[in-house]
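Working notes for the structure below.
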Amino acid sequence: MSDARCQIRPAGAGDAEAVAGLTAGLAQSFAFSRARFGRNYPALLARDGACLLLAVNGHERLGHLMGSGHLTFYASGPVAWAGEVFVLSQYRGRGVGRALMRTGGRRWWA
């Protein structure tokens with residue numbers, strides 16, 4: 001990372017409000033619904049193959065990555081998809097998104 005200091009960690013149940021705030025900032029093609037988010041968040045955390053990571057600096061959440069992975073025959077192993085990557089505007093261009101992608105990829109190939 002260049003100059004943003006952050007730690008990448010899995011999101012948990014206690015991060016719902018922070019992730020909702022980040023997700024609301026991402027929503028552009030669809031109206032963000034806090035009620036739908038509240039129903040979907042625990043299901044995503046419990047889903048096999050799902051990955052929800054947070055970039056944090058102390059108590060501040062800088063961004064998130066939501067993805068999924070599964071095994072394939074054609075790739076002879078796992079593949080992963082990043083469905084959402086969001087970084088707060090003041091941290092963009094500072095390596096936070098790159099750190100999220102790198103950590104998310106290692107989750108499936110470790």
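One is the number of the first residue; the rest follow in order along the sequence. None of the values given here were measured: they were computed from a predicted structure.
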task: Could you tell me which non-hydrogen atom of Val19 sits nearest to which non-hydrogen atom of Ala11, and how far apart they are?
output: CG2-CB, 4.4 Å
- prompt: Where is the tightest heavy-atom contact between Ala31 and Arg36, given as atom of each residue plus distance?
  reply: O-NH2, 3.4 Å
message: Set out, in order, the CA-CA distance, both residues' side-chain angles and the distance that settles salt bridge (Lys or Arg N to Asp or Glu O under 4.0 Å) for Glu60 and Arg5, then state yes or no.
response: CA-CA 11 Å; Glu60 185 177 15; Arg5 301 266 185 239; over 6 Å; no
Going from [atom1] on [X] to [atom2] on [Y], what distance comes out if it is rounded to the nearest 0.5 angstrom?
X      : Y      : atom1 : atom2 : answer
Ile8   : Met101 : CD1   : CE    : 12.0 Å
Thr103 : Leu65  : OG1   : CG    : 9.0 Å
Cys6   : Leu100 : SG    : CG    : 7.0 Å
Arg102 : Leu53  : CZ    : CG    : 12.5 Å
Arg92  : Gln90  : CZ    : CD    : 8.5 Å
Leu26  : Leu88  : CG    : CG    : 11.0 Å

Hey, does [Y] have a side-chain heavy atom less than 4.5 Å from the side chain of [X]?
X     : Y     : result
His70 : Val79 : yes
Phe86 : Met66 : no
Asp15 : Tyr41 : yes

message: Donor-acceptor check, side chain of Arg61 to backbone of His59, threshold 3.5 angstrom: yes or no?
response: yes
task: Would you check if the side chain of Thr72 reaches a backbone N or O of Pro78 as a donor-acceptor pair within less than 3.5 Å?
output: no
